[in-house]
Colleague: 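Questions regarding the structure given below will be posed in turn.
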Amino acid sequence: MEYDRIGWSVQEWCDWFDSAQFDMEYVYGGDDLGASYMPDRTLWKIWTPVAQKVSLNLYTTGSDQEAGAARLRQVPMIREACGVWSISLGGDWKGTYYTFSITWEGEEREVMDPYAKAAGVNGDRAMVVDLTETNPAGWEQDTHVVPEHPTDAVIWEVHVRDFSWDSYSGMKNKGQYLAFTEKGTHIPGHPKLPTGVEYLKQLGITHVQLMPCFDFYTVDETRGKEDLYNWGYDPQNYNVPEGSYSTDPYHGEVRIREMKKMIQALHQAGIGVIMDVVYNHTYQSDESAFQKAVPYYYYRTWSDGSWANGSGCGNEIATERPMVSHFIRQSVRYWAEEYHIDGFRFDIMGLIDVETMNRIREDLDQLPQGKKILMYGEPWAAETPQMRRSAVPADKTHVRLLNSRIAIFNDETRDCIKGSVFDMHSTGFISGAWYQENAVRSSLQGWAGPYATVKLPTQTVSYVSAHDNFTLWDKLVYAKGLAPKGFDVPKLSCLAANKLAAVIVLMAQGIPFMQAGEEFGRTKKGDGNSYRSSSQINCLDWRRTMEFRELLAYYQGLIQIRKRFAPFRCAGGDSIRRMVFSKGGPQVVAFTLPGIRGDSWRMVAVVLNASDQTTSVELSAWEDTPLPSGWSVKADAEKAGTDTLWRVEGNCIFIQPRSALILVDETE
Ligand code: CA
């Protein structure tokens, strides 16, 4: 049809977009939208069935402020089937910047290519790129770093800038992708105190989850040397790396190459890379590339035409519309294939429809090693999503409809361990709260609360801290009334609580996850929402690896214990059934878990005492795996690791106040 129906309401447009006829005529299944580069010609395509006219604009630079800025040409594009507009130009267009001009309802607007794979400064213009030239040396040999089972992963969440910004980081490329490529870094003057990737190798985590490093809006890339900071949950260009983390945001190929170098370096250290993807909203609404390309198609709206806002950030993306779903699926696949990304963390997954999530899983499963690429997300939203087409959201209540290799963040675990994130003074099991024993037992079994139907450990991410809300340390300092002094001092009561939390998360069934620096008492000085606070508040203070070395060593030891004993990492749910909990007093939880054939440990017992009394617990076990006559202690109030600290006889276990014990039966 011809789009001359000027004056339609938003609701009329949306009804048309959700009609079977629109799907039939206009859904385009090709994977060639955007600019396809060939040495002797480039093909541009954009999907915009509602446009009356489309032209391609070619530029020498990514912005008008750069030297030599000029518009080279404006070329009309040709309308093809499915509402795709295309143009092919002979010649070598590598490094040329471009936009589209789209006329809709009689008005022409210049649009960034939503499918762009490279962009100029601040992501305002796309760039034609020869991706093969962006590969660092040895990239062909680089492969995914993926766990055998999702439950084998230990995930460490970090922001690119936070990783190296600190003046004690020992890294040269402060705040940039390239910091991850620096080898053997340490705190200046302390060669035995590693920082950077060297530190991560010693910590023992298996995966780094990078907070958004697709191109986001808020940090002005022309002011790279200044302290501009944002977490990056403000998407602008989904298939382009963020420019402010690169050494040169003006030349589109540089950020691509540097991000690949970062991933390659982490892979060489044996560490997988998980990308935080934010397909639930865009920073801009009226001015976004999506909205200018096909007005109202990419977003959910209320019946009065206003933006639905389930993200709390101004809009929500209509993932249930076929071309939006298609966009997201292609984008995920692109990052996995082109950048060798090993896992995806879906921000506000509760705004994405279940079918899109499951299809992403199927797409990834088809790639080499793709079945082992991790997928998990936040199973909630700020407001109820305004989904159409009878779609259902990938939230807690619909976990049962999701592929069992898509996990959800387990906020039940998080809150019962440390207290509600929404109340700074609320306490949890580790900070003295009563009646949390059942919730802690459920957390250890990887259960995600009454509304989520999680059946397998591969469906749940266990954690007590992430970028949102207080750091674990700050939360403990507040809960114990020690602010503000306690932020910077390793207070014993907070250390004890922190260790208890670490034992629960790392010995729980599920996929363990932590915010970078949780293991050395990371503080943001009580800042509970630092998304645009200074780099100084946000960055990792590497000196704390020295000041909190006992806590750090405890985490290292717990990670070693988890890696050593396969039943902690069980993917199939057998361990959940094999755990036997003891009857304990208030604020006490204890269980035994037998090994499986081939384990070097016949049985493990974990005892948690969050009370302020020394107490005793009588361990129990299944009849077919009797209790041993004594135990080797691998973790106590002070230390944790695979070495035996001391021995205990019998199965009545005495345990100090506010501490954990991990006991192992090493008999054959
Ligand atoms: Ca940007």
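Position 1 is the first residue of the sequence; numbering continues from there.
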Colleague: Could you check if a side-chain atom of N498 sits within less than 4.5 angstrom of a side-chain atom of Y555, using non-hydrogen atoms only?
Modeller: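 With C-beta onward as the side chain, the pair touches.
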Colleague: Do the charged groups of R389 and E355 touch, with an N to O distance under 4.0 Å?
Modeller: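 Judged by the 4.0 Å cut-off on N to carboxylate O distance, R389 and E355 do not form a salt bridge.
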Colleague: Check this for me, if you would: do K499 and D636 make a salt bridge, where the nitrogen-to-carboxylate-oxygen distance has to be below 4.0 angstrom?
Modeller: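 No, this pair does not count.
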Colleague: Pairs under 3.5 angstrom only: tabulate donor-acceptor contacts from the side chains of residues 504-511 to other protein residues two or more places apart or in another chain.
Modeller:
from, atom 1, to, atom 2, distance (Å)
Q509, NE2, P567, O, 3.1

Colleague: For residues T614 and P657, report the shortest heavy-atom separation together with the two atoms involved.
Modeller: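 Taking T614 first and P657 second, the nearest heavy atoms are OG1-CD, 3.4 Å.
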Colleague: Parallel, tilted or perpendicular: which one describes the rings of W156 and Y199, with boundaries at 30° and 60°?
Modeller: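 Plane angle between 30° and 60°, so tilted.
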Colleague: Quick one about K634 and T644 (side-chain donor to acceptor, distance below 3.5 Å, no hydrogens or angles considered), yes or no?
Modeller: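 Distance-only check passes for T644 and K634.
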Colleague: Any heavy-atom pair between the side chains of E316 and Q386 that's under 4.5 Å?
Modeller: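 They are in side-chain contact.
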Colleague: Do the ring planes of Y233 and W231 sit parallel (below 30°), tilted (30 to 60°) or perpendicular (above 60°)?
Modeller: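 If you compare the ring of Y233 with that of W231, the planes turn out perpendicular.
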Colleague: Given side-chain contact (heavy atoms from CB on, under 4.5 Å), test F180 with I271 step by step and report yes or no.
Modeller: CA-CA 11 Å; F180 289 81; I271 297 167; over 6 Å; no
Colleague: Identify the heavy atoms of T458 and A407 that sit nearest to each other, and give their distance.
Modeller: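 Nearest heavy atoms, T458 then A407: O-CB, 3.3 Å.
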Colleague: Any donor-acceptor pair under 3.5 Å linking the side-chain atoms of N609 with those of S659?
Modeller: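 On atom types as modelled, these side chains do not qualify, holding no pair under 3.5 Å.
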Colleague: Do any N or O atoms from the side chain of D363 and from the backbone of R333 form a donor-acceptor pair under 3.5 angstrom?
Modeller: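 No; judged by distance alone, with no hydrogens or angles, the pair does not exist.
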Colleague: Taking side chain as C-beta onward, heavy atoms only, is D468 less than 4.5 Å from V421?
Modeller: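 No, side chains not in contact.
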Colleague: Just checking, is any N or O donor in the side chain of R361 or N358 under 3.5 Å from an acceptor N or O on the other one?
Modeller: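 Side chains of R361 and N358: no pair found under 3.5 Å.
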Colleague: For K455, look at atom NZ and say whether over 12 heavy atoms of other residues, nucleotides or ligands are found less than 6.0 Å away.
Modeller: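 Check fails, neighbour count at 12 or below.
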Colleague: Is it true that a side-chain atom of N651 and a backbone atom of L619 form a donor plus acceptor pair closer than 3.5 Å?
Modeller: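 A pair under 3.5 Å: no.
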Colleague: Does E198 CD have over 12 foreign heavy atoms under 6.0 Å away?
Modeller: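 It does: E198 CD has more than 12 such atoms within range.
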Colleague: Using only atom types and a distance under 3.5 Å, with no angle test, would you say the side chain of E437 pairs donor to acceptor with the backbone of Q587?
Modeller: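 Checked: pair present.
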Colleague: Do the ring planes of F346 and F344 sit parallel (below 30°), tilted (30 to 60°) or perpendicular (above 60°)?
Modeller: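 Geometry flag for F344 against F346: tilted rings.
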Colleague: If every non-hydrogen atom of L456 is compared with every non-hydrogen atom of V454, which pair is closest and at what distance?
Modeller: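 Nearest heavy atoms, L456 then V454: O-CG1, 3.5 Å.
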Colleague: Does the pair Y463 and T413 meet the rule for a side-chain contact (heavy atoms from CB on, under 4.5 Å), with working shown?
Modeller: CA-CA 7 Å; Y463 73 117; T413 292; 6.0 Å; no
Colleague: Once side chain to side chain contact (heavy atoms under 4.5 Å, CB included) is applied, do any residues pair with S426, and if so which ones, sequence neighbours excluded?
Modeller: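 Partners of S426 by the side chain to side chain contact (heavy atoms under 4.5 Å, CB included) criterion, ordered by chain and then number, come out as S420, D423, K475.
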Colleague: Would you say C416 and F429 make side-chain contact, with heavy atoms under 4.5 Å?
Modeller: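 No - every pair of side-chain heavy atoms lies 4.5 Å or more apart.
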Colleague: Nearest 0.5 Å please: distance from the CD1 atom of I360 over to the CD1 atom of I406.
Modeller: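 So the gap between those two atoms works out to 7.5 Å.
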Colleague: Check whether H267 reaches the backbone of T143 with its side chain - one donor and one acceptor, N or O, closer than 3.5 Å.
Modeller: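 Judged by distance alone, yes, a pair lies under 3.5 Å.
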Colleague: Between Y279 and T319, do the side chains contain a donor N or O and an acceptor N or O under 3.5 Å apart?
Modeller: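 Judged by distance alone, the side chains do not pair up.
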Colleague: Would you name the heavy atoms of I317 and Y238 that are closest together and state the gap between them?
Modeller: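 Where I317 meets Y238 most closely, the heavy atoms are CD1-OH, 3.4 Å.
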Colleague: Working to the nearest 0.5 Å, report the span between NE2 of H467 and CD of Q209.
Modeller: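 One gets 8.0 Å once the value is rounded to the nearest 0.5 Å.
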Colleague: What pairs of residues pass the ring-ring contact (aromatic ring centres under 6.0 Å, His included) test when at least one of them lies in residues 363-387, not counting sequence neighbours?
Modeller: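 Passing the test, one end in residues 363-387: Y376-F409.
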Colleague: List the steps and the verdict of side-chain contact (heavy atoms from CB on, under 4.5 Å) for V604 and T592.
Modeller: CA-CA 6 Å; V604 166; T592 59; over 6 Å; no
Colleague: Measuring only between side-chain heavy atoms, which start at C-beta, is T523 closer than 4.5 Å to R544?
Modeller: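 Yes; the side chains approach each other to less than 4.5 Å.
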Colleague: With no hydrogens and no angle check, is any side-chain donor or acceptor of S431 less than 3.5 Å from a backbone partner on A479?
Modeller: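 Absent.
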Colleague: Show the nearest heavy-atom pair for residues H281 and S311, with the distance to one decimal.
Modeller: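 The answer is CB-OG, 3.6 Å.
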Colleague: Taking the side chain as every heavy atom from C-beta outward, state whether I408 and Q459 have any pair of such atoms under 4.5 Å apart.
Modeller: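 Not in contact.
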Colleague: For a 4.5 angstrom cut-off between non-hydrogen side-chain atoms, does L444 reach F591?
Modeller: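 Yes, side chains in contact.
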Colleague: Using residues 578-585 as the side-chain source, report each donor-acceptor pair under 3.5 Å to any protein atom, sequence neighbours left out, with the distance given to one decimal.
Modeller:
from, atom 1, to, atom 2, distance (Å)
R578, NH1, D624, OD2, 3.3
S582, OG, E618, O, 3.1

Colleague: Taking the side chain from H207 and the backbone from V154, do they hold a donor-acceptor pair closer than 3.5 Å?
Modeller: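 It does not hold such a pair.
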Colleague: For M514 and I559, what are the C-alpha separation, side-chain angles and deciding distance, and is it a side-chain contact (heavy atoms from CB on, under 4.5 Å)?
Modeller: CA-CA 12 Å; M514 68 178 101; I559 292 171; 4.2 Å; yes
Colleague: Is there a donor-acceptor contact under 3.5 Å from the side chain of K563 to the main chain of D152?
Modeller: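 Absent.
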Colleague: Roughly how far, to the nearest 0.5 Å, is CG of D342 from CD1 of I263?
Modeller: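 Atom-to-atom, I263:CD1 and D342:CG are 8.0 Å apart.
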Colleague: Could you check whether any side-chain heavy atom of D365 comes within less than 4.5 Å of a side-chain heavy atom of I373, counting everything from C-beta outward?
Modeller: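 No - every pair of side-chain heavy atoms lies 4.5 Å or more apart.
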Colleague: Does anything in residues 606-653 pair up under ring-ring contact (aromatic ring centres under 6.0 Å, His included), and if so which pairs, sequence neighbours excluded?
Modeller: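 Sorted result for residues 606-653: empty, none.
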Colleague: Under a plain distance cut-off of 3.5 Å, with no hydrogens placed, do E518 and S465 share a side-chain donor-acceptor pair?
Modeller: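 A pair is found: one side chain offers a donor N or O, the other an acceptor, under 3.5 Å apart.
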Colleague: Of all the heavy-atom pairs spanning L364 and A336, show the shortest one and how long it is.
Modeller: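 In this case the closest contact between L364 and A336 is CD2-CB, 3.8 Å.
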Colleague: Going by atom types alone, do R647 and S632 pair a side-chain donor with an acceptor below 3.5 Å?
Modeller: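 Their side chains do contain a donor-acceptor pair, which is all the 3.5 Å distance test asks for.
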Colleague: To the nearest 0.5 Å, tell me how far R658 CZ sits from C494 SG.
Modeller: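 SG of C494 is found 11.0 Å from CZ of R658.
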Colleague: Can you tell me how far apart CD (Q515) and CG (N469) are? Round to the nearest 0.5 Å.
Modeller: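 Q515 CD to N469 CG: 9.5 Å, rounded to 0.5 Å.
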Colleague: Walk me through it: do F548 and W473 pass the test ring pair (Phe, Tyr, Trp, His ring centres under 6.0 Å)?
Modeller: CA-CA 11 Å; F548 287 72; W473 187 259; 5.0 Å; yes
Colleague: Rounded to the nearest 0.5 Å, how far apart are CG of D353 and CZ of R359?
Modeller: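 Spacing of CG (D353) from CZ (R359) equals 9.5 Å.
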Colleague: So, R564 versus S600: side-chain donor-acceptor pair below 3.5 Å or not?
Modeller: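 Note: R564 and S600 side chains meet the donor-acceptor criterion.
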Colleague: May I ask you to decide if G517's main-chain N or O and E519's side chain share a donor-acceptor pair within less than 3.5 Å?
Modeller: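 Answer holds: yes.
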Colleague: Has S530 got a side-chain atom pairing as donor or acceptor with N538's backbone, closer than 3.5 angstrom?
Modeller: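 Flag not set: sc S530 to bb N538 has no pair under 3.5 Å.
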Colleague: Any carboxylate oxygen within less than 4.0 angstrom of a Lys/Arg side-chain nitrogen, looking at R300 and E320?
Modeller: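 Salt bridge: yes.
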Colleague: Can you name the side-chain hydrogen bond (donor to acceptor under 3.5 Å, both in side chains) partners of E378, sequence neighbours left out?
Modeller: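 Applying side-chain hydrogen bond (donor to acceptor under 3.5 Å, both in side chains) to E378 gives R345.
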Colleague: Test your reading of the model: is there a side-chain donor-acceptor pair from E666 to the backbone of V664, 3.5 Å cut-off?
Modeller: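 The answer is no, because no donor-acceptor pair under 3.5 Å joins these two groups.
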